[in-house]
Amino acid sequence: MVKTLYFSIGNDPSDAANDALLLNAANFIAMGPAGTTQTTTMYFLSTDNDEASETTVTFTHAAGRNLDVMEDVCEAMASEPKDGFIVIADEANGNFCSPYITECDFSIS
């Protein structure tokens, strides 16, 4: 089964271009703290199939909860939903795979 990961930013993911992102879980590369105790970044292969760049998703979360967020994201990615659709961070509906995540942002390349 192909697993897809869903991310959205803002109050309404359909109000502007690039407000929502659906990524193939097989393109996940790595995840780690993003320079502060309140941010964690996921790295994916480029959505443009460009080996020189990557797509990133950065979470803002409660201070010092980097490891908890990474564990929660990994647990969500390991789940087996029947349709393969996994919500990681949906700001518009306040639905996050971790209770510590408060915000999501991404850079598509």
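Annotation: ring-ring contact (aromatic ring centres under 6.0 Å, His included) contacts of Y43 (sequence neighbours excluded): none. Shown here are the side chain to side chain donor-acceptor pair (under 3.5 Å) partners of T58, two or more places apart in sequence or in another chain: T41. Annotation: side chain to side chain contact (heavy atoms under 4.5 Å, CB included) contacts of F96 (sequence neighbours excluded): A89, E91, I101. Looking at residues two or more places apart in sequence or on another chain, you find a side chain to side chain donor-acceptor pair (under 3.5 Å) between D68 and R65.
With no hydrogens or angles considered, no side-chain donor-acceptor pair links T102 and H61 at under 3.5 Å.
Taking CD1 of I86 as the reference point, atom OH of Y6 lies at 14.5 Å (rounded to 0.5 Å). Note that the CZ atom of F106 and the CZ atom of F44 stand 11.5 Å from one another [nearest 0.5 Å]. Between atom CG of residue L21 and atom OG1 of residue T4 there is a gap of 10.5 Å, rounded to the nearest 0.5 Å. Atoms OG1 and CG, from T60 and D105 in turn, are 7.5 Å apart once rounded to the nearest 0.5 Å.
Identified under the salt bridge (charged side-chain N to carboxylate O under 4.0 Å, His left out) test for residues 69-83, with sequence neighbours left out: K3-E80.
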Could you list the donor-acceptor pairs under 3.5 angstrom formed between side-chain atoms of residues 26-36 and any protein atom two or more places apart in sequence or on another chain?
unit_1: T36; atom_1: OG1; unit_2: Q38; atom_2: N; d: 3.0
unit_1: T36; atom_1: OG1; unit_2: T39; atom_2: N; d: 3.1
unit_1: T36; atom_1: OG1; unit_2: T39; atom_2: OG1; d: 2.8

- Determine, step by step, whether F85 and L5 satisfy the side-chain contact (heavy atoms from CB on, under 4.5 Å) criterion, reporting the C-alpha distance in whole Å, the side-chain angles of both residues, the deciding distance to 0.1 Å, and the verdict. CA-CA 6 Å; F85 186 83; L5 309 177; over 6 Å; no
- Derivation of the side-chain contact (heavy atoms from CB on, under 4.5 Å) call for L45 and T55: CA-CA 6 Å; L45 295 174; T55 296; over 6 Å; no
- Message: Using the rule given for side-chain contact (heavy atoms from CB on, under 4.5 Å), can you reason through E54 versus M42, listing the C-alpha separation, both sets of side-chain angles and the distance that settles it, and then say yes or no?
- Response: CA-CA 10 Å; E54 54 196 21; M42 294 181 75; over 6 Å; no
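In this structure, S8 and C104 approach most closely via the heavy-atom pair O-CB, 4.0 Å.
Side-chain heavy atoms closer than 4.5 Å link hydrophobic residues (I, L, V, M, F, W, Y) into clusters, and following such links, even through other members, never connects M1 to I88.
Applying side-chain contact (heavy atoms from CB on, under 4.5 Å) to C97 and the options D90, V73, V69 leaves one that passes, V73.
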